[in-house]
Amino acid sequence: MRLKQPHRALALLLIVLFVLISGLDGAKLPYNPEARYSDAVTSHYPAALHLRESMQRGEFPLWRDTFMADQPFAANPLNKVAYPPQWIGVLLPPELHLNLMIVVHLLIAAFGMFALARALGVRAEAAALSMLAYALAPRLIGHVGAGHLDLAYALAWLPCLLWAIQR
């Protein structure tokens, strides 16, 4: 679906507004390494780091022997080894990787909702408002803030799934 010129400007404006409202500037990204109560700090950061270090050693990360007296790594769905975007973490430091994944998934949520709303026959202005409302919904932002990244990623893909089902 191609956007008309006024709709492109509106989409760009909404993206800028989204970035400003959600505080996604370079100094204050969603993943906060100093957070005391965040699953991103206690679970997702160590997993991203282990994935990166394992691959740098030339090993597929099947097992993690430095956590909870050994445990399977690739078999744990929280480590997202079967999720293709997770492999970007092999190239990036874990902090940057987590921030990039959060931002990308919030944008997936926004544009997925826009596409779904347009497919349902909603006017472009209302679809733009829908995309902003969904991407900044308290439930989604709350999951990001609490470090529940798997839930945030799933919620990000939900409008895309509904759009595909609708089509």
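- Going from atom CG of Leu129 over to atom CZ of Arg123 covers 11.0 Å, rounded to the nearest 0.5 Å.
- A side chain to side chain contact (heavy atoms under 4.5 Å, CB included) with Glu53 is found for exactly one of His50, Arg57, Met55, namely Arg57.
- Note on Val122 and Phe111: separate hydrophobic clusters, where clusters join Ile, Leu, Val, Met, Phe, Trp and Tyr whose side-chain heavy atoms are under 4.5 Å apart, directly or indirectly.
- For Phe114 against Ala124, the heavy-atom pair with the smallest separation is CE1-O, 3.7 Å.
- Counting all heavy atoms, side chain and backbone alike, Pro72 lies closest to Asn79 at O-ND2, 4.5 Å.
- The cluster map of Ile, Leu, Val, Met, Phe, Trp and Tyr, joined by side-chain heavy atoms under 4.5 Å apart, puts Val90 and Leu62 in the same cluster.
- You'll find the side chain of Leu92 reaches within 4.5 Å of the side chain of Ile88, heavy atoms only.
- The pair Asp150-Lys80 meets the salt-bridge criterion, with a side-chain N (NZ, NE, NH1 or NH2) lying under 4.0 Å from an Asp/Glu carboxylate O.
- Side-chain contact check for Leu100 versus Val103: every heavy-atom pair is 4.5 Å or farther apart.
- Side-chain contact between Ile108 and Cys160: present, with at least one pair of heavy atoms (C-beta onward) separated by less than 4.5 Å.
- Rounded to the nearest 0.5 Å, atoms CZ (Arg167) and CG (Leu116) are 11.5 Å apart.
- Rounding to the nearest 0.5 Å gives a distance of 5.0 Å between CD1 of Ile141 and CG of Leu106.
- When the options His143, His105, His148 are evaluated for a ring pair (Phe, Tyr, Trp, His ring centres under 6.0 Å) with Tyr153, the one that passes is His105.
- To the nearest 0.5 Å, atom CD of residue Gln166 and atom CG of residue Leu120 are 5.0 Å apart.
- Leu151 and Leu162 are assigned to two separate hydrophobic clusters, defined by single-linkage of ILVMFWY side chains at heavy-atom distances under 4.5 Å.
- No continuous path of hydrophobic side-chain contacts links Met101 to Trp87 [ILVMFWY only; heavy atoms under 4.5 Å].
- For the pair Trp63 (side chain) and Asp70 (backbone), a donor-acceptor distance under 3.5 Å is absent.
- No more than 12 heavy atoms of other residues, nucleotides or ligands lie within 6.0 Å of CZ in Arg139, so this atom counts as exposed by the packing criterion.
- A 4.5 Å side-chain heavy-atom check between Leu98 and Tyr45 finds at least one atom pair inside the cut-off.
- Nearest heavy atom pair, residue Ala135 against residue Leu140, reads O-CD2, 3.7 Å.
- In terms of modelled atom types and a separation under 3.5 Å, the side chain of Tyr134 and the main chain of Ala156 share no donor-acceptor contact.
- If you chain together hydrophobic residues whose side chains sit under 4.5 Å apart, Trp157 and Val81 never meet in one group.
- Closest heavy-atom contact between Ala109 and Pro159: O-CG, 4.0 Å.
- Side-chain contact between Leu149 and Ile102 is present, with at least one heavy-atom pair separated by less than 4.5 Å.
- Considering CG of Leu49 and CD of Glu95, their distance stands at 8.5 Å, rounded to 0.5 Å.
- A donor-acceptor contact shorter than 3.5 Å links the side chain of Asn76 to the backbone of Leu78.
- Just one of His44, Arg52, Gln86 meets the side chain to side chain contact (heavy atoms under 4.5 Å, CB included) condition when paired with His97; it is Gln86.
- Between Arg118 and Trp163 there is no side-chain heavy-atom pair separated by less than 4.5 Å.
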